[in-house]
Amino acid sequence: MESRFISEINGKKNYNNTMSAIMLKKPEDAKIEAPIDEKYKLQTKDVNVFYGDFQAIKDVSINIKPKSITAFIGPSGCGKSTFLRLFNRMNDYIEDFKMEGKIKIDDINIYKNKIQLEQLRKEVGMVFQKPNPFPKSIFENVAYGLKIQGISTKKLIADRVEKALIQADLWNEVKGNLNKSALSLSGGQQQRLCIARTLAVEPSVILMDEPTSALDPISTSKIEELIYQLKQDYTIIIVTHNMQQAARISDYTAFFYMGELIEFDKTKKIFTNPEKKRTENYITGRFG
Amino acid sequence: MRKIREFVIEKSLLSSALITVAVTVGIILVLTIEAFSFFKEVSIFDFFTDTEWTPLFTKKHYGILPLLTGTLLTTFIAISVALPIGLSISIYLSEYAPRSFRKTIKPLLELLAAVPTVVYGFFALVVVTPFLQQFIPNLSGFNSLSAGIVMGIMIIPFVSSLSEDALFAVPKALREASYGMGATRLQTAFKVVVPAASSGIIVSIILAISRAIGETMIVAIAAGQQPRLTLDPTVPVETITAYIVQVSLGDVQHGSLEYRTIFAAGITLFTLTFLLNTLSFQIRKKFRQKYE
Amino acid sequence: MNNIQKNRLKDQLFKFWGIGCTLIGLVLLVVFIGGILIDGLSRIDWAFITDLPSRKAEKSGIWTPLMGSIWILVLTAIISFPVSVAAGVYLEEYAKKNRLSALLEINISNLAGVPSIIYGLLGLEVFVRIMNLGASVLAGALTLSLLILPIIIVATREAIKAVPNSIRDASYALGASKWQTIWNQVLPASSGGILTGVILALSRAVGETAPLIVVGALAYVPFAPQGPLDQFSVLPIQIFNWISRPQQGFIDNAAAAIIILLLITFIMNGIAVYFRNKWQKKLQ
């Protein structure tokens, strides 16, 4: 199965990410282990998550490198979304939620009481499955994150909004009228707007929960391309039930099953030569 | 700092919500305290058994029965009008009417409900009573029939919209099962849908009764100010609510026994409507599980 | 006629009965209003609106009760709006699903069913006597604010419930606090629904008679209120007063005043419906 990205907009470089291309890359890229002393952006150790009596995550330890794209894959209900939301503590709103274990970002434990949730979420942004722009103008959507930080300088806000929209590859399509309602945009544009909204706050980590599953194929490929570009500046984790997507854009892949981390490795390895049988069964479509 | 601000905001909002509790407590306290003073001078036995209510005359009687019958008589007439018509409307709109008709009619019915009750009172006295006098020659100028009929008309939108909500909640599948067996809309409506929605419909009836009991202006204008223990709809009567208005318009001394009579009347009224509302709430709670 | 035909006939008959019932209320309303227009329309002129009430029907106008009604409307709006919306926000966004909040809800739906005259008794004791406000516009407005409190609370809750959770999620994910989310996203998104509820509630307040009579609004007031502690009358009470007089002239006056009152009521309802439609479109 082949898929091909060729990007020519704004002089971005071309790249191919077909599965065959992955398979044909140089041998040393197939190495499994990461260099031992490389600093990690996100670290989790022995994480268990409970909703009341139900255990959603079992003993997961995983370390994510900075400025990489990690894909979380696995069948429905395996816990990948739950695990994703641990990083910006969005699970805190759910009743009976309990987390055991350590989760660190930049070596800081984010579940310690001293942590300010608002500060955490400025560092760690999130893009949701269904595009959820606010029922306001395009400008107000992107500016919102700045507004709640207390930034009021008009020029600064306008500059940051423009920068974010450029980064999200939406500027050219909306620059004519930023006061238009965000709801008048197409689905793909709305999702890019949501990405711009997240970028405006200048986080260092971006969490994406199935960001293209509600979009058409053309919008999907645009956004996958965008995500691949963003890797240069951000650490990205993307939950996806679309394995081809994971293979296309991610550097590392984590396979979850029934709340457990079955395997975590470089994407090439997972998709061409996985260690665990279960991983192989899932990849080849035997279940899921 | 941020946490303190959020805390203060939350507690201020809470205090607004707690005002509702303060209102209930206030109502109960005010009524109870004044009624208590009243019952120090008038025995409860007399209150419930005396057949005359004449606190403002020289020979004073404090029996609530005349006011109670006035209230119940007008209520009965109102419900007799509102119930069949309101229910029929709800069944028609829910089971027969095309979407577009429903859409245009519903706001018009809402309009009917928005008319101030003093206007309905005007109709009852100036239009309905003379009209009825053509057919009932000895119908007096103030009577419970006109007031009751007009009150019924006022309550129709109330009954129809509550019942319609109840009918709407019945799952389509039940109707389809009935139609599938060849039943007409009428048979489906009365044999399947209405029984299924019965708890909701009963609730709407109880709330309508409560509404009628608490109505003031229509009866104050058209039903009369003569407390009378009677079931005759052609003569003047007085309801509990109209009595309170009558006293409030007059020059009754604050703190006097006459003044306290309005609280005795008030607590009777409040108890009646409170019991009815609680009953409807219990029924709604108990039978809600059916289609959740 | 066999069974099936009988049933079909009954079905059709009920259909006509249903249509008849549906239209009867509206037909009667048209008849009534028509009658009122006939009686009262000729009586309305600029003098009617600006004249003070007087013993002579032809010289009587609605100026003082009209001003009283406007005073009541404005004061009630100022008092009830922040309190009711705040209560609605609390119940919908902050209250946890426990027994306490269930009791609060039961209490509010109970208050909605309390006859309006009981609120009058409450206002009489608490505002007029205990707080010593006398039979003033302020006491009347406070009383009516309590009366319409449950109405606005319910409307506020419904409007807030209609805001999708995805909006809240997006706001929290950007680092907004709970109150920032409510103030910047939830309230603006629900403002149309809240406004509709407030206008409908105020429209009800304008037509209320009994509680204000009990609080002591006078049937005959020779002057318009100048301040919140002044005595007052309102349009419905003036109507009530004129209806109680036997002379035909006063009946005509009452009819004319009713036209004005209905105009105010229908306009307010119309505005509310306009906002409701605009708001529902916005959320699509």
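All values reported here derive from a predicted model rather than from experimental measurement. Throughout, protein chains are lettered first and strands after them, A, B, ... in sequence-line order, and every chain is numbered starting at 1.
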Please report the interatomic distance [atom1]([X]) to [atom2]([Y]), rounded to the nearest 0.5 Å.
| X | Y | atom1 | atom2 | value |
| --- | --- | --- | --- | --- |
| B:Y92 | C:L23 | OH | CG | 8.0 Å |
| C:E208 | B:T117 | CD | OG1 | 6.5 Å |
| C:W17 | B:S88 | CH2 | OG | 5.5 Å |
| C:N110 | B:F281 | CG | CZ | 9.5 Å |
| B:M217 | C:I237 | CE | CD1 | 7.5 Å |
| B:L87 | C:C21 | CG | SG | 10.0 Å |

By a 4.5 Å heavy-atom criterion (distance strictly below it), what part of [X] contacts chain B: side chain, backbone, both, or neither?
| X | answer |
| --- | --- |
| C:Q12 | side chain |
| C:N269 | side chain |
| C:I251 | both |
| C:I213 | both |

- Task: Check whether any side-chain heavy atom of C:L29 sits under 4.5 Å from a side-chain heavy atom of B:V115, and report yes or no.
- Result: yes
- Message: side-chain hydrogen bond (donor to acceptor under 3.5 Å, both in side chains) for C:N107 and B:T24? Distances and angles first, verdict last.
- Response: CA-CA 8 Å; C:N107 186 46; B:T24 306; 2.5 Å; yes
- Note: vs chain C, highest number of non-hydrogen pairs under 4.5 angstrom among B:V247, B:I156, B:I262, B:L125 is B:I262
- Can you label the angle between the C:F32 ring and the B:F123 ring as parallel, tilted or perpendicular, going by 30° and 60°? parallel
- Would C:R276 and B:E110 pass as an ion pair if we require N to O under 4.0 Å? yes
- Query: With no hydrogens and no angle check, is any side-chain donor or acceptor of C:D11 less than 3.5 Å from a backbone partner on B:R185?
  - Reply: yes
- Item | Polar side-chain atom of B:E6 near backbone of C:W179 as donor-acceptor pair, under 3.5 Å | yes
